[in-house]
Amino acid sequence: QVQLEESGGGWVQAGGSLRLSCTTSRHTFGAYAVGWFRRAPGQEREIVSSISQSGRTTLYAGSVKGRLTISRDNAKNTVYLQMNSLKPEDTAVYYCAVRGGTFAGRKTDDYDYWGQGTQVTVST
């Protein structure tokens, strides 16, 4: 079992920035590929970004490309999602998830463990 904890969510005006963090107490965090997903009210959970074990391979949803950046620090057991130029449509609960293995893709079924989520609200 891998327990994940997201932090860094909050309220921000459009155009602002937030940095989300996903941490775990597991010292083998580097063995996992990590994804960030989000669920807006009334919508399905969707991929935002994912990153490979090494951090060398990343994936972004088209709607966030160029505005959000995923990174990881395996020594700190932490994955970050830097969110810039936020828009009201980015408002959602953001979840991190992990999968054992080199890389994980866009599907929720690809992931084995999930955090509880952190709320991001972007106002106009």
Side-chain angles (χ1 to χ4, degrees):
Q1 189 76 12
V2 178
Q3 293 184 321
L4 304 171
E5 182 174 359
E6 302 96 337
S7 62
W11 177 89
V12 65
Q13 287 189 317
S17 298
L18 287 172
R19 188 176 79 159
L20 306 184
S21 298
C22 173
T23 61
T24 178
S25 60
R26 285 285 291 260
H27 66 281
T28 56
F29 191 49
Y32 294 88
V34 181
W36 281 99
F37 289 76
R38 67 186 181 188
R39 177 181 283 164
Q43 297 188 23
E44 298 288 323
R45 192 175 300 193
E46 63 175 3
I47 186 71
V48 175
S49 183
S50 66
I51 189 167
S52 62
Q53 286 178 336
S54 67
R56 287 193 289 267
T57 303
T58 58
L59 172 156
Y60 294 94
S63 59
V64 306
K65 197 171 292 185
R67 300 187 297 118
L68 275 57
T69 303
I70 192 170
S71 62
R72 68 189 299 162
D73 186 339
N74 288 339
K76 295 183 178 179
N77 293 336
T78 303
V79 170
Y80 304 99
L81 186 68
Q82 178 66 44
M83 304 193 296
N84 299 328
S85 302
L86 283 163
K87 304 176 180 180
E89 51 264 43
D90 294 317
T91 295
V93 178
Y94 284 71
Y95 302 88
C96 70
V98 300
R99 174 186 180 181
T102 304
F103 188 71
R106 301 177 179 272
K107 299 179 181 179
T108 56
D109 290 348
D110 287 343
Y111 295 82
D112 301 313
Y113 302 102
W114 293 80
Q116 295 298 308
T118 184
Q119 176 71 46
V120 171
T121 303
V122 184
S123 65
T124 56

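Note that this is a predicted model, so its numbers are computed, not measured.
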| remark: Contacts of T121 meeting side chain to side chain donor-acceptor pair (under 3.5 Å) (sequence neighbours excluded), chain-then-number -> Q119

| Who are the side chain to side chain donor-acceptor pair (under 3.5 Å) partners of R67, not counting sequence neighbours? | D90

| request: Could you pull out all residues at least two apart from Y32 that satisfy ring-ring contact (aromatic ring centres under 6.0 Å, His included)? | output: none

| query | For residues 100-124, which residue pairs qualify under salt bridge (charged side-chain N to carboxylate O under 4.0 Å, His left out), counting only residues two or more places apart or in two chains? | reply | none

| Which residues satisfy the ring-ring contact (aromatic ring centres under 6.0 Å, His included) test with Y111, sequence neighbours excluded? | F37

| With sequence neighbours left out, what residues match S7 under side-chain contact (heavy atoms from CB on, under 4.5 Å)? | S21

| said: If hydrophobic clusters are built from ILVMFWY residues whose side chains come within less than 4.5 Å, do L68 and V34 share one? | reply: yes

| query | Any link between V93 and Y80 through a network of hydrophobic side chains (Ile, Leu, Val, Met, Phe, Trp, Tyr) touching at under 4.5 Å? | reply | no

| said: When you measure from the side chain of T118 to the backbone of G9, do you find a donor-acceptor pair of N or O atoms at a distance under 3.5 Å? | reply: yes

| request: Using side-chain contact (heavy atoms from CB on, under 4.5 Å) as the criterion, list what pairs up with T23, not counting sequence neighbours. | output: E5, T78

| task | Kindly write out the residues that satisfy side-chain contact (heavy atoms from CB on, under 4.5 Å) with Q13, not counting sequence neighbours, or none if the list is empty. | result | W11, S123

| request: Kindly state each residue pair satisfying disulfide (SG to SG under 2.5 Å) with at least one member in residues 58-124, sequence neighbours excluded. | output: C22-C96

| According to the side-chain hydrogen bond (donor to acceptor under 3.5 Å, both in side chains) rule, which pairs have a member within residues 93-102, sequence neighbours left out? | R38-Y94

| query | With the 4.5 Å side-chain cut-off for hydrophobic clustering, are L20 and L59 part of the same group? | reply | no

| Cluster overlap V120 with I47, hydrophobic side-chain contacts below 4.5 Å | no

| message | Please say yes or no: joined through hydrophobic side-chain contacts below 4.5 Å, possibly via intermediate residues, are L81 and L18 part of one cluster? | response | yes

| Can you name the residues that form a side chain to side chain donor-acceptor pair (under 3.5 Å) with Q82, not counting sequence neighbours? | N84

